[in-house]
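This report refers to the structure that appears directly beneath it.
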Amino acid sequence: MRFFIDTGSVAEVEEIAAWGVLSGATTNPSLLAKEEGDPGEAIKRICELIDGDVSAEVVSRDAPSMIAEGRALRTLHDNVIVKVPFSAAGLEATRVLTAEGHKVNMTLVFSSTQALLTAEAGATYISCFMGRLDDISIDSTAVVREIVETLRPGGYTAQVLAASIRHPEHVVTAARLGCEVATVPGKVLKQLLEHPLTSAGIDKFEADWKSRPEFAQWLQGLVQAQHASA
């Protein structure tokens, strides 16, 4: 399963892209509205930081306007893919945009029937919102499992993208269910790093190493020698 970051913050992307684990990013109007500055510039900068698909979303509700906005968003950067909310108009826009060679991420998908229609329309990604399903007491695990199991026998190429990730367990669940992608907020990505035994182990290694000062001197000398030869 590949990791995308779900954010509108360039600073957050700059920080986490340095980890080397991101394959793409998703933005939406709400995330971009939280940030200062021009949204187009933010999207372009995110595209420069991540070598992968970056979703930029249309905001209109009728198909012709969605298509026009999608075409315009694609001019921002080669990595931009058009994010379209699920609806009859969204399906129409997706079919037109994909026929023109533009990738589409269909968002706000909450059922296997919606996922099937999205795949038939030609979308590259089908974004299922796990956290929002849980919010209304619908088992997001069951829904995502049904979507994956429904699409696979038909040979669809659309990728299931787990979205609205609220905590690390959502990430693990998405991977176990066979989602190709999870788009994860920066806060949750940082939570994936944490484990008390990891922290305790690092502290123990550091303390043991410092108990032998000559070892630190040896390693520093090795680093300096490598720099000198570079």
Side-chain angles (χ1 to χ4, degrees), residues 1-9 12 16 21-34 52-61 66 81-94 103-154 156-192 194:
M1 185 180 74
R2 305 193 313 281
F3 284 95
F4 287 8
I5 185 170
D6 191 35
T7 187
S9 168
E12 193 168 51
I16 296 177
V21 301
L22 296 179
S23 297
T26 54
T27 68
N28 63 44
S30 298
L31 291 172
L32 290 169
K34 294 177 181 178
D53 291 338
V54 176
S55 294
E57 189 166 344
V58 302
V59 295
S60 292
R61 295 195 179 191
M66 287 180 176
I81 69 170
V82 184
K83 195 174 185 183
V84 177
F86 183 86
S87 65
L91 292 170
E92 181 181 345
T94 296
K103 290 183 179 180
V104 171
N105 175 5
M106 182 74 83
T107 190
L108 297 172
V109 172
F110 293 101
S111 70
S112 56
T113 52
Q114 291 180 331
L116 278 169
L117 291 171
T118 299
E120 281 292 339
T124 299
Y125 299 104
I126 302 171
S127 289
C128 180
F129 282 47
M130 298 182 73
R132 295 196 192 185
L133 284 165
D134 291 339
D135 288 345
I136 59 171
S137 300
I138 293 177
D139 184 357
S140 63
T141 298
V143 172
V144 174
R145 178 184 292 113
E146 185 177 70
I147 288 173
V148 172
E149 292 177 351
T150 299
L151 294 176
R152 294 298 173 265
Y156 292 107
T157 59
Q159 300 177 49
V160 179
L161 188 156
S164 187
I165 300 292
R166 302 284 177 77
H167 46 72
E169 191 57 33
H170 273 156
V171 177
V172 175
T173 298
R176 286 177 172 171
L177 294 176
C179 295
E180 285 81 6
V181 181
T183 187
V184 186
K187 176 183 176 181
V188 179
L189 283 167
K190 291 177 182 178
Q191 290 173 353
L192 300 181
E194 302 300 327

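None of these values were measured; they are calculated from a predicted model. All values below come from the heavy atoms of this structure, side chains included, with hydrogens, waters and symmetry mates left out.
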Are [X] and [Y] close enough that some pair of their side-chain heavy atoms sits under 4.5 Å apart?
X: M66; Y: V84; result: yes
X: L116; Y: E120; result: no
X: S23; Y: F3; result: no
X: L117; Y: T113; result: no
X: V188; Y: P168; result: yes
X: R132; Y: I138; result: no
X: I126; Y: Q159; result: no
X: F4; Y: L22; result: no

Rounded to the nearest 0.5 Å, what's the gap from [atom1] on [X] to [atom2] on [Y]? Could you check?
X: K34; Y: S9; atom1: NZ; atom2: OG; value: 10.5 Å
X: I81; Y: E57; atom1: CD1; atom2: CD; value: 11.0 Å
X: Y125; Y: T118; atom1: OH; atom2: OG1; value: 15.0 Å
X: C179; Y: R145; atom1: SG; atom2: CZ; value: 10.5 Å
X: R152; Y: I147; atom1: CZ; atom2: CD1; value: 10.5 Å
X: M130; Y: D134; atom1: CE; atom2: CG; value: 6.5 Å

Just jot down the salt bridge (charged side-chain N to carboxylate O under 4.0 Å, His left out) partners of D139, sequence neighbours excluded, or say none.
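D139 satisfies salt bridge (charged side-chain N to carboxylate O under 4.0 Å, His left out) with no other residue.
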Qualifying residues under salt bridge (charged side-chain N to carboxylate O under 4.0 Å, His left out), relative to R166, sequence neighbours excluded:
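Counting only residues at least two positions away or on another chain, R166 forms a salt bridge (charged side-chain N to carboxylate O under 4.0 Å, His left out) with D135.
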Taking only residues two or more places apart in sequence, or in another chain, which ones meet K187 in a side-chain contact (heavy atoms from CB on, under 4.5 Å)?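 For K187 the side-chain contact (heavy atoms from CB on, under 4.5 Å) partners, ignoring immediate neighbours, are Q191.
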Requested in this report: Mind checking ring-ring contact (aromatic ring centres under 6.0 Å, His included) for F129 and listing every partner two or more places apart, or none if nothing turns up?
Outcome: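 ring-ring contact (aromatic ring centres under 6.0 Å, His included) list for F129, sorted by chain: F110.
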Listed by chain and number, what are the side-chain hydrogen bond (donor to acceptor under 3.5 Å, both in side chains) partners of T107, not counting sequence neighbours?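 Partners of T107 by the side-chain hydrogen bond (donor to acceptor under 3.5 Å, both in side chains) criterion come out as none, since no residue qualifies.
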Can you list everything that forms a side-chain hydrogen bond (donor to acceptor under 3.5 Å, both in side chains) with S87? Sequence neighbours excluded, please.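 Not a single residue meets the side-chain hydrogen bond (donor to acceptor under 3.5 Å, both in side chains) criterion with S87.
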Please report the C-alpha distance between V58 and V82 in whole Å, then the side-chain angles of each, then the deciding distance to 0.1 Å, and finally whether the side chain to side chain contact (heavy atoms under 4.5 Å, CB included) criterion is met. CA-CA 7 Å; V58 302; V82 184; 3.8 Å; yes
Looking only at heavy atoms, what is the nearest atom pair of [X] and [Y], with distance?
X: L31; Y: N28; value: N-OD1, 2.7 Å
X: L108; Y: P85; value: CD1-CB, 4.1 Å
X: S127; Y: N105; value: OG-OD1, 2.7 Å
X: L91; Y: F86; value: CD2-CE1, 3.9 Å
X: V171; Y: M1; value: O-CE, 3.6 Å
X: T150; Y: S112; value: OG1-CB, 3.8 Å

List the steps, then state whether side chain to side chain contact (heavy atoms under 4.5 Å, CB included) holds for E12 with I5. CA-CA 9 Å; E12 193 168 51; I5 185 170; 4.1 Å; yes
Run the side chain to side chain contact (heavy atoms under 4.5 Å, CB included) test on Q114 and M106 for me, step by step, so that the C-alpha distance in whole Å, both residues' side-chain angles and the decisive distance to 0.1 Å come before the verdict. CA-CA 10 Å; Q114 291 180 331; M106 182 74 83; over 6 Å; no
Might you work through the side chain to side chain contact (heavy atoms under 4.5 Å, CB included) test for H170 and S164, ending with a clear yes or no?
CA-CA 9 Å; H170 273 156; S164 187; over 6 Å; no
- Run the salt-bridge test on R61 and E92 with the 4.0 Å N-O cut-off and return the result as yes or no.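 Answer for the salt bridge query: no.
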Q.
Which residue is it: L133, V148, L177? I am looking for the one with a side chain to side chain contact (heavy atoms under 4.5 Å, CB included) to V143.
A.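 Per the side chain to side chain contact (heavy atoms under 4.5 Å, CB included) rule, the option paired with V143 is L133, out of L133, V148, L177.
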Can a donor-acceptor pair be found between the side chains of T26 and T183 at a distance below 3.5 Å?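 Yes, a side-chain donor-acceptor pair sits under 3.5 Å.
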